[in-house]
> 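Provided herewith is a single structure, encoded as structure tokens, for subsequent inquiry.
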Amino acid sequence: MERLKRRRDFLRAARGRKWAAPGLVLQAWRRDDDDGPRVGFTVTKRIGNAPRRNRVRRRLREAARLVMPECAHNGFDYVVIGRRDTLARDFDGLKEDFKLALSVVHKPRGPARNASSPGTRQQ
RNA sequence: CCAGUUGGCCGGAUGGCCGCUGCCCGGUGCCUGCUUGCAGGUUUCGGGGAGAGGAAAGUCCGGGCUCCAUGGAAACACGGUGCCGGGUAAUGCCCGGCGGGGGCGACCCCAGGGAAAGUGCCACAGAAAGCAAACCGCCGGGGGCUUUGGCCACCGGUAAGGGUGAAAGGGUGCGGUAAGAGCGCACCGCGAACCUGGUGACAGGGUCGGCACGGUAAACCCCACCGGGAGCAAAACCGAAUAGGGGUGGCGCGAAGCCUUCGGGCUUCAGGCCGGUUUCCAGGCCGCCGCCCGGGUUGGUUGCAUGAGGCGUCCGGUAACGGGCGCCCUAGAUGAAUGGUCAUCGCGUCUGCUCGCGCAGGCGUACAGAACCCGGCUUACAGGCCAACUGGCACA
RNA sequence: GCGGGCGUAGCUCAGGGGUAGAGCGCAACCUUGCCAAGGUUGAAGUCGUGAGUUCGAAUCUCAUCGCCCGCU
């Protein structure tokens, strides 16, 4: 699975569809081609100090490795954003969050503006 | 056994399943080169082995390394350090000592040079805050008043007593005196030169002086010593791409020679520029200075892990540390690997049962993530281990 | 990686060794038929935290915590 490394790729994904789950936030951007899916991770300083951010990123990376081969679509760039609750979330729940977020994000168009509003149910 | 001091050490373990990043070996596909079966690069598969810390942190000091073309000398400025001796590549670090302070003690703490080089400040209170003075007092003198106890002002002598303050011009005692005073004496403190011990900081000793010299330098300052700047996103190479810039203002465009397509170019001298400033020497660069505008690259390799390295042992040294010998090689990422998950156990603590050994259950298991590399310092940290020493209690 | 700045009343800031201040805001009262404005009075502070220097520290020094900014 190819990783996103450029800042502009992250900024472009942020303009795409979003879904906030208890353990993570997913952003997706439909590219023009149909090459394999790509994924990037964002864990900000607000999450905690360096070891805590490392653990969050590693759990998200592992979840992506297990979930994406069957659920991700070609031609998409995904950005997974860590949350404070990512560490507390149990791993099976984290994988379910990921699957649900993928399915929501894949839905074509929908009511465009409130695409991210279901995420507010957490807090 | 309880309480404590100092120094050192550890920083969970095992297994199953699935993964990540380098390295080595073997196979496989592709590309390139030619010496035509080898070499190099790369894809993928299998096997082996390695993979965060005591602080990796804060970035507070000291270095290595690289660049600023480069080195030296002096002065000034700026910054830092500040008892003595030693250790070290070096330090503001470490060790040992000296002096001062704290603790019954083991032991701990101290930015600890200079206040007779100069300047500043010492609020309030107080008579007076740095130069000696005198508010209430105390004592003497002559005078006035008087209820014969004294009272009043004046002129002197004093600084013992009172009060203020953080601090009032040595302290305590005795003598002395009208009252007092280093006025005299003893002890303590202070100062000076001397002697002795020590490498030294300093300590000890007697002698003399007869008190003069308040505090503050983490106020300015003086003295001594140290310091060029930037930082691995340094820097070098390969590849790609673009450019070898343009505009504008000021100053300059000097001399000689040569060439010329008459725009100018080249050489030498003069001149200018180059470290925080100035000067000098050596050296380098070529219009100089200020402002504005524009273009390209955000790939790879090296740097990049053998180092003031670690461990063991012997020797020297009180120690920090140094030396000899032997063994070992121990992370190398770059949107950034070193993991995810499950199970069992360990450790600590609480509750219940139990005489107890134990059993069951709950909770907790820290601080924190390498980014060029070392030496220190500081800060954070669940829980635990070891050694030496101190005080107390009990027993022999 | 390198460097700089700021933490003082609810908010914005003064004060740079000697009793912590200003403006806005808040409360009470006066004024008015009522409100606003105005006036008077008042409350409100571990001066980010901890050590040190000093007789005395918001102020000077050191350490530490948090926030902000710049350069590469």
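Residue numbering restarts at 1 for every chain, and letters A, B, ... go by the order of the sequence lines. Quick caveat, the model's predicted, so the values are computed rather than measured.
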> With respect to the phosphate group of B:rG369, does any side-chain polar atom (N or O) of A:N54 fall under 4.0 Å of OP1 or OP2?
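No, no such contact exists.
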
> Side chain of A:R55 only, heavy atoms from C-beta on: which candidate in B:rG340, B:rU338, B:rA336 is closest?
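Ranking B:rG340, B:rU338, B:rA336 by closest atom to the A:R55 side chain puts B:rG340 first.
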
> Rounding to a whole Å, what distance do you find between A:K95:NZ and B:rG19:P?
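In whole Å, B:rG19 P lies 13 Å from A:K95 NZ.
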
> Rounded to whole angstrom units, what separation is found between the CG atom of A:D77 and the C1' atom of B:rG335?
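Taking CG of A:D77 and C1' of B:rG335, I get 14 Å after rounding.
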
> Expressed as a whole number of angstroms, how long is the span from A:R52:CZ to B:rG340:P?
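To the nearest whole Å, that distance equals 14 Å.
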
> Where does B:rG182 land, syn or anti, once you apply the within-90°-of-0 test for syn?
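You should classify B:rG182 as syn.
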
> Using purine N1 to pyrimidine N3 plus N6-O4 or O6-N4 for Watson-Crick, or N1-O2 and O6-N3 for G-U wobble, each under 3.5 Å, what pairs with B:rG287?
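B:rG287 is paired with B:rC251.
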
> Tell me whether the NZ or CZ atom of A:R31 lies within the 45° cone about the ring axis of A:F76 and under 6.0 Å from its centre.
no

> Kindly compute the distance separating CD (A:E70) from CG (A:L102), expressed to the nearest 0.5 Å.
10.0 Å

> Does B:rG22 fall in syn (glycosidic angle within 90° of 0) or anti?
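Syn, which is what one calls it when the glycosidic angle falls within 90° of 0.
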
> Measure up the A:Y78 and A:H106 rings against each other and bin them: parallel (under 30°), tilted (30 to 60°), perpendicular (over 60°).
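Taking A:H106 first and then A:Y78, their aromatic rings stand perpendicular (interplane angle over 60°).
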
> Between A:P51 and A:F41, just flag the one whose closest nucleotide in RNA chain B comes earlier from the 5' side.
A:F41

> Give the rounded distance in Å between these two atoms: CZ of A:R89 and P of B:rG340.
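Atom-to-atom, A:R89 to B:rG340, this comes out as 18 Å.
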
> When the P atoms of C:rG5 and C:rA44 are considered, how many whole Å apart are they?
36 Å

> Students often get this wrong, so: under 4.0 angstrom with heavy atoms, is A:L4 touching a base, only sugar-phosphate, or nothing?
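Sugar-phosphate contact only.
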
> Mind checking who B:rC311 pairs with, Watson-Crick or G-U wobble, both distances under 3.5 Å?
B:rG326

> In whole Å, I'd like the distance from the CG atom of A:D90 to the P atom of B:rG340.
15 Å

> When you compare B:rG182 with B:rU172, how far apart are their C1' atoms, in angstrom units rounded to a whole number?
14 Å

> Both distances below 3.5 Å, Watson-Crick or wobble geometry, any strand: find the nucleotide opposite B:rC151.
B:rG144

> State which of B:rG335, B:rU341, B:rG369 makes the closest approach to the side chain of A:N49.
B:rG369

> Determine the Euclidean distance between corresponding P atoms of C:rC24 and C:rA57; express it in Å to zero decimal places.
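Nearest-Å result for C:rA57 against C:rC24 at atom P: 34 Å.
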
> Going by heavy atoms in the side chains, are A:W29 and A:R15 under 4.5 Å from each other?
yes

> Hey, are A:E62 and A:R59 close enough for a salt bridge, meaning a charged N less than 4.0 Å from a carboxylate O?
no

> Would you kindly give the CG-to-P distance between A:L60 and B:rA336, to the nearest whole Å?
12 Å

> Quick one: A:F91 CZ to B:rA343 C1', roughly how many Å, whole number?
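Answer to the nearest Å: 17 Å.
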
> Does any nucleotide pair with B:rC208 by Watson-Crick or G-U wobble geometry, both distances under 3.5 Å, and what is it?
B:rG191

> When the P atoms of B:rA233 and B:rG335 are considered, how many whole Å apart are they?
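Their P atoms lie roughly 12 Å apart.
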
> Should B:rU119 form a Watson-Crick or G-U wobble pair with both distances under 3.5 Å, which nucleotide is its partner?
B:rA219

> Both distances below 3.5 Å, Watson-Crick or wobble geometry, any strand: find the nucleotide opposite B:rC185.
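B:rG173 - that is the nucleotide pairing with B:rC185, both distances being under 3.5 Å.
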
> Does a side-chain N or O of A:R57 approach OP1 or OP2 of B:rG340 to a distance below 4.0 Å, or not?
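Checking A:R57 against B:rG340: no side-chain N or O falls below 4.0 Å of OP1 or OP2.
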
> Taking the C1' atom of each, how far is B:rA382 from C:rA63, in whole Å?
26 Å

> Please name the nucleotide paired to B:rC262 by Watson-Crick or G-U wobble geometry with both distances under 3.5 Å, or report none.
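With both distances under 3.5 Å required, B:rC262 matches none.
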
> Which nucleotide, if any, forms a Watson-Crick or G-U wobble pair with B:rG79, using both distances under 3.5 Å?
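In the structure as shown, B:rG79 has B:rC226 as its Watson-Crick or wobble partner.
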
> Return whichever of A:R65 or A:F10 has its heavy-atom-nearest nucleotide of RNA chain B closer to the 5' end.
A:R65

> By nearest atom, which of the nucleotides B:rU338, B:rA336, B:rG340 is closest to the A:R59 side chain?
B:rG340

> Distance check, C1' atoms only: B:rC377 and B:rG54, in whole angstrom units.
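My reading of the C1' atoms in B:rC377 and B:rG54 gives 15 Å.
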
> Please report, rounded to the nearest Å, how far the C1' atom of B:rG369 is from the CZ atom of A:R58.
8 Å

> Stepwise, does the side chain to side chain donor-acceptor pair (under 3.5 Å) test hold for A:R52 with A:N49?
CA-CA 6 Å; A:R52 180 183 283 274; A:N49 55 15; 4.7 Å; no

> Mind checking the P distance from B:rC122 to C:rG18? Whole angstroms is fine.
11 Å

> Decide, for B:rG54, between syn and anti: a glycosidic angle within 90° of 0 counts as syn, anything else as anti.
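Because its glycosidic torsion lies within 90° of 0, B:rG54 adopts the syn conformation.
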
> Tell me whether A:V43 shares a hydrophobic cluster with A:L11, the cluster being built from Ile, Leu, Val, Met, Phe, Trp, Tyr side chains joined at under 4.5 Å.
no

> What nucleic acid atoms does A:R53 come within less than 4.0 Å of, heavy atoms only: base, sugar-phosphate, or nothing?
nothing

> With rounding to the closest Å, how many angstrom separate the P atoms on B:rG51 and C:rC71?
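Those two atoms are separated by 43 Å.
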
> Mind checking whether A:P22 and A:R89 have side chains closer than 4.5 Å, heavy atoms only?
yes

> With syn defined as a glycosidic torsion within 90 degrees of 0 and anti otherwise, which applies to B:rU279?
anti

> For B:rG263, does the O4'-C1'-N9-C4 or O4'-C1'-N1-C2 angle fall within 90° of 0, making it syn, or is it anti?
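Judged by the O4'-C1' to base torsion, B:rG263 sits in syn, the angle falling within 90° of 0.
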
